[in-house]
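Some notes on the structure that comes next.
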Amino acid sequence: MYLKPKVKAPQPELIENTLNILKTYNTNTICIESACPNISECFNRGVATFLILGKICTRNCKFCNVSTNKPLEVDENEPVNIAKAIKKLNLNYVVITSVDRDDLKDFGSNQFIKTVKEIKKISPNTKIELLTPDFRAREDILEQITQLEVEKFAHNIEIVPRLYKEIMPQCNYEKSLKVLKYYSKKTSKSSIMVGVGESIDELKQVFNDLAEIGVKYLTIGQYLRPTPKHYPVKKYYSDEEFEYLKELAIKSGIKYVISGKLVRSSYYADKY
Ligand code: SF4
């Protein structure tokens, strides 16, 4: 299945109204934080990606624009507030994600669990997708997470394994595969960015690895450098090349693939 990303002109009123509600409930979204180019289209369709556990990450990946520092205390009211914001915005499909919280004993997993429970209490028809950190692949945590009744369990593989050491030094490809293998007991999804120096053979290997452990959904998007301090873009892929990557991923055995320049992990999350 192939969905081509479209960029619609921003709708200031819609965005302002959404921003006001998000502010009222003190919640963060990736849509706003990353100034996502798909924002009007997603908000129009009742889709958003919430960022829980604060805006400060304990890891320091070279492509990411989220701040790295000592993270804030966990906000106990966050799960209820997110549920209220979702209800008020009348969202049909939400993605819940977080920064990495290696400072917490449970790596933030309980906040995911509480957030899902609160959303289900007041918006039982809203579909939920979880996009989690690796939780250091701790099995007791992965077991708890997969008990939740949600649409999809996602974890992003991000880049090819050879580049982990250089670009994501605190992450581990094998651990991420272990997380996705666990999530594949239910419905699993992953995402990869291209344009950071990978080869086609390396991408093929990642597609094969993901297919082998049962990953069902994959998004492939172009890496864009957030600021000149971030990792440089090594290559811009053409539409034809994105189409080719999609074909390779499907051939490897991944059932649903979205591939394109503006594709982000939560893009069209509700549609495929
Ligand atoms: S693609 Fe994802 S981050 Fe971007 S606006 Fe849509 S839901 Fe938000």
Side-chain angles (χ1 to χ4, degrees), residues 1-23 25 27-55 57 61 63-67 81-83 85-100 112 115-116 119 123 126-133 150-158 188-195 217-226 230 237 242 246 256-272:
M1 182 175 186
Y2 183 55
L3 294 165
K4 230 177 169 197
K6 302 168 233 158
V7 182
K8 285 194 177 161
Q11 295 178 14
E13 277 169 32
L14 174 72
I15 292 177
E16 202 182 317
N17 177 44
T18 307
L19 266 177
N20 285 339
I21 293 171
L22 296 173
K23 209 168 155 193
Y25 293 106
T27 54
N28 299 314
T29 63
I30 291 283
C31 322
I32 306 279
E33 294 305 317
S34 68
C36 183
N38 306 314
I39 202 160
S40 291
E41 195 188 345
C42 289
F43 285 0
N44 252 332
R45 293 194 358 262
V47 179
T49 299
F50 286 83
L51 179 67
I52 62 172
L53 292 159
K55 292 197 275 185
C57 189
C61 302
F63 57 76
C64 185
N65 204 20
V66 173
S67 323
N81 281 337
I82 288 196
I86 288 168
K87 174 99 184 153
K88 188 92 183 163
L89 289 165
N90 199 21
L91 297 175
N92 314 312
Y93 195 104
V94 292
V95 180
I96 307 295
T97 191
S98 78
V99 288
D100 279 284
F112 274 92
T115 304
V116 170
I119 297 169
S123 299
T126 299
K127 295 194 166 116
I128 306 170
E129 175 174 320
L130 296 184
L131 170 58
T132 75
V150 298
E151 294 297 301
K152 295 188 196 96
F153 295 88
H155 171 66
N156 290 350
I157 207 80
E158 305 287 14
S188 63
K189 171 177 166 182
S190 194
S191 293
I192 189 160
M193 289 180 305
V194 292
Y217 294 87
L218 177 70
T219 67
I220 307 169
Q222 172 70 51
Y223 167 62
L224 297 174
R225 194 184 202 179
H230 287 83
Y237 286 65
F242 274 110
K246 181 207 72 170
Y256 301 101
V257 182
I258 304 184
S259 175
K261 287 175 189 166
L262 295 177
V263 167
R264 299 294 173 261
S265 61
S266 52
Y267 186 69
Y268 266 85
D270 59 322
K271 284 285 175 217
Y272 78 144

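Just the heavy atoms: all of them, side chains too, but no hydrogens, waters or symmetry mates, feed the values below. For ligands, and for the atoms within them, numbers begin at 1 and follow the listed sequence.
The one candidate from V94, T27, T18, T126 that meets the side-chain contact (heavy atoms from CB on, under 4.5 Å) condition with L89 is T18. Partner of S266 under the side-chain hydrogen bond (donor to acceptor under 3.5 Å, both in side chains) criterion, chosen from N38, T219, T49: T49. The side-chain contact (heavy atoms from CB on, under 4.5 Å) test with F242 singles out one residue from V263, I258, I220, and that residue is I220.
When distances to atom 8 (Fe) of ligand 1 are checked against a cut-off of 2.8 Å, C31 contributes an N, O or S atom below that limit. N38 lies apart from atom 2 (Fe) of ligand 1 in this respect, since none of its N, O or S atoms is found at a distance under 2.8 Å.
Inter-residue side-chain proximity for F112 and L130 is flagged as met; some heavy-atom pair is nearer than 4.5 Å.
Short contacts between ligand 1 and C42, defined as distances under 4.0 Å to a heavy atom of the residue, involve ligand atoms 1 (S), 5 (S), 6 (Fe), 7 (S). The distance from ligand 1 to the heavy atoms of I39 drops below 4.0 Å at these ligand atoms: 5 (S).
The closest protein non-hydrogen atom to atom 7 (S) of ligand 1 is T49 OG1, 3.3 Å. Among all protein heavy atoms, the one lying closest to atom 4 (Fe) of ligand 1 is C36 SG, 2.3 Å. The single protein non-hydrogen atom nearest to atom 2 (Fe) of ligand 1 is S266 OG, 2.1 Å, given as residue, atom name and distance.
When every heavy atom of Y223 is checked against every heavy atom of G195, the shortest pair comes out as CD2-O, 4.3 Å.
Stacking of K152 on the aromatic ring of Y217 is recorded, both the 6.0 Å distance cut-off and the 45° axial limit being met.
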